[in-house]
Number of protein chains: 2
Amino acid sequence: MDTGDRLLTPGEVAALFRVDPKTVTRWAAAGRIGSIRTPGGHRRFRESEVRALLEGEGVLDDLDDGGANGRPRNTGPSQGGNHGPTNAGLH
Amino acid sequence: MDTGDRLLTPGEVAALFRVDPKTVTRWAAAGRIGSIRTPGGHRRFRESEVRALLEGEGVLDDLDDGGANGRPRNTGPSQGGNHGPTNAGLH
DNA sequence: AACTAGTAGGGTAATTTGGGAT
DNA sequence: GGTGTCCAAATTACCCTACTAG
């Protein structure tokens, strides 16, 4: 029943987008991407939302592969985890 | 409608927040989240409280109701378990 | 009484945060 | 306007062993 939205850390999202974790934080601060804060203040991002952002625009980018990252790549169809208006105002 | 009065173990809460069980324990020790201790010293957390924390952001709110008294949003902690502003203004 | 799994406690490295400057 | 790097601080992740829960 769960859409299977795992939560990703800023570092994970940054690796997916090939940007700095700081940039991901800026996106969250600007409201361009939904973010969940832990009681400690750290941010967590929804896997489904990040996925939609990555595959939605069509600007496919090679995924990270430089470090020792044990993240299985889901080459298959999306898990259909779109669950909400992830779109914020674009400019 | 079920607010979920179930008690969650540190491991469960950790999985929900994508953090380490130790981190959840630290939250309880810091008073950032309500915790119930078992006679043996282990901690248990209320599902309703954790759920409320997970809903953190929520910049979106459809105010389209226009008179239709829709369904109650699950943002109702109500349970007596709220000890105050969960969000602590950090530095 | 025995067992496995999870949790508590302390300690140290890695990550994340926030602002400012380039 | 947006992104990458600098700093200091906090928070979090993983190491260990001992105890509790079922």
Side-chain angles (χ1 to χ4, degrees), chain A residues 2 5-54 56-72 86-91, chain B residues 4-59 81 83-91:
Chain A
D2 255 292
D5 341 351
R6 294 175 295 174
L7 294 174
L8 299 178
T9 60
E12 291 269 278
V13 181
L16 256 44
F17 278 96
R18 278 277 194 246
V19 295
D20 252 33
K22 185 82 171 191
T23 304
V24 180
T25 297
R26 282 183 184 134
W27 294 344
R32 288 204 255 210
I33 180 171
S35 59
I36 298 178
R37 306 280 291 251
T38 66
H42 284 203
R43 291 191 183 87
R44 291 281 120 92
F45 306 92
R46 293 201 181 265
E47 232 265 352
S48 2
E49 194 169 332
V50 176
R51 270 292 233 275
L53 255 42
L54 262 116
E57 300 284 328
V59 282
L60 257 301
D61 208 302
D62 263 82
L63 267 104
D64 70 296
D65 211 327
N69 218 338
R71 277 226 99 32
T86 25
N87 252 9
L90 268 106
H91 75 331
Chain B
D5 245 81
R6 297 172 292 185
L7 293 174
L8 299 178
T9 61
E12 284 280 81
V13 182
L16 258 46
F17 277 94
R18 186 75 178 86
V19 295
D20 235 58
K22 267 324 182 6
T23 304
V24 180
T25 297
R26 201 173 299 109
W27 294 343
R32 288 187 165 122
I33 181 172
S35 59
I36 300 176
R37 306 267 293 215
T38 65
H42 285 200
R43 295 188 180 87
R44 287 289 126 83
F45 306 92
R46 291 201 178 274
E47 223 233 333
S48 45
E49 194 171 335
V50 176
R51 275 272 232 255
L53 259 49
L54 275 170
E55 299 276 332
E57 262 241 15
V59 288
H83 322 258
T86 349
N87 208 346
L90 288 127
H91 67 298

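Residue numbers start from 1 in every chain, and the chains themselves are labelled A, B, ... in the order their sequence lines are given, proteins ahead of strands. Just so you know, these numbers use all the heavy atoms, side chains as well, and skip hydrogens, waters and symmetry mates.
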Which pair of non-hydrogen atoms, one from B/D20 and one from B/A14, has the smallest distance, and what is that distance? C-CB, 3.7 Å
Side chain A/R26 and base D/dG4 donor-acceptor under 3.5 Å: yes
Can you sort out the partners of A/T9 under side-chain contact (heavy atoms from CB on, under 4.5 Å), two or more places apart, ordered by chain and number? A/E12, A/R44
Distance (rounded to the nearest 0.5 Å) between B/L54 CG and B/E47 CD: 9.0 Å
CZ/A/R43 to OG1/A/T38 distance, rounded to the nearest 0.5 angstrom? 10.0 Å
Any A/W27 side-chain nitrogen or oxygen under 4.0 Å from OP1 or OP2 of D/dT3: yes
Below 3.5 Å, does any donor atom in the side chain of B/K22 face an acceptor in the base of C/dG10, or the other way round? yes
Nearest whole angstrom, please: distance from the C1' of D/dG4 to the CZ of A/R18. 15 Å
Return the polar atom pairs (N/O with N/O) between nucleotides 20-22 of chain D and the protein under 3.5 Å, or none.
| unit_1 | atom_1 | unit_2 | atom_2 | d |
| --- | --- | --- | --- | --- |
| D/dA21 | OP1 | B/T38 | OG1 | 3.1 |
| D/dA21 | OP1 | B/G40 | N | 3.0 |

Distance, rounded to the nearest Å, where B/F17 contributes CZ and D/dT11 contributes C1': 14 Å
Please check the phosphate of C/dG6 (OP1 and OP2 only) for any side-chain N or O of B/T9 closer than 4.0 Å. no
Under 4.0 angstrom between A/T25 side-chain N/O and C/dT17 OP1 or OP2: yes
Between A/R37 and C/dT17, is there a side-chain N or O to OP1/OP2 distance below 4.0 Å? no
From CG of A/L8 across to P of C/dT16 the rounded distance in Å is 11 Å
Examine D/dT3: is either OP1 or OP2 under 4.0 Å from a nitrogen or oxygen in the side chain of A/T23? Give yes or no. no
From B/I33 CD1 over to B/L53 CG, what is the distance, rounded to the nearest 0.5 angstrom? 5.5 Å
If you measure from NE2 on A/H42 to OG on A/S35, what distance do you get to the nearest 0.5 Å? 13.0 Å
Which heavy-atom pair separates B/P21 from B/G11 by the least distance, and what is that distance? CG-CA, 4.4 Å
D/dT11 OP1/OP2 closer than 4.0 Å to side-chain N/O of B/R32: yes
Look at A/R43 and C/dT17 and indicate whether a side-chain polar atom (N or O) is within less than 4.0 Å of OP1 or OP2. yes
Rounded to 10°, tell me the angle between the two end axes of the helix from C/dC3-D/dG22 to C/dG19-D/dC6, each built from five pairs. 60°
Any chance the rings of B/W27 and B/F45 have centres within less than 6.0 Å? no
Could you state the interatomic distance from CG (A/L8) to CZ (A/R46), rounded to the nearest 0.5 Å? 10.5 Å
Nearest-Å distance, CG (A/D20) to P (C/dG18)? 16 Å
Identify which nucleotide among C/dT17, D/dA13, C/dA8 has an atom closest to any side-chain atom of A/P10, counting heavy atoms from C-beta outward. C/dT17
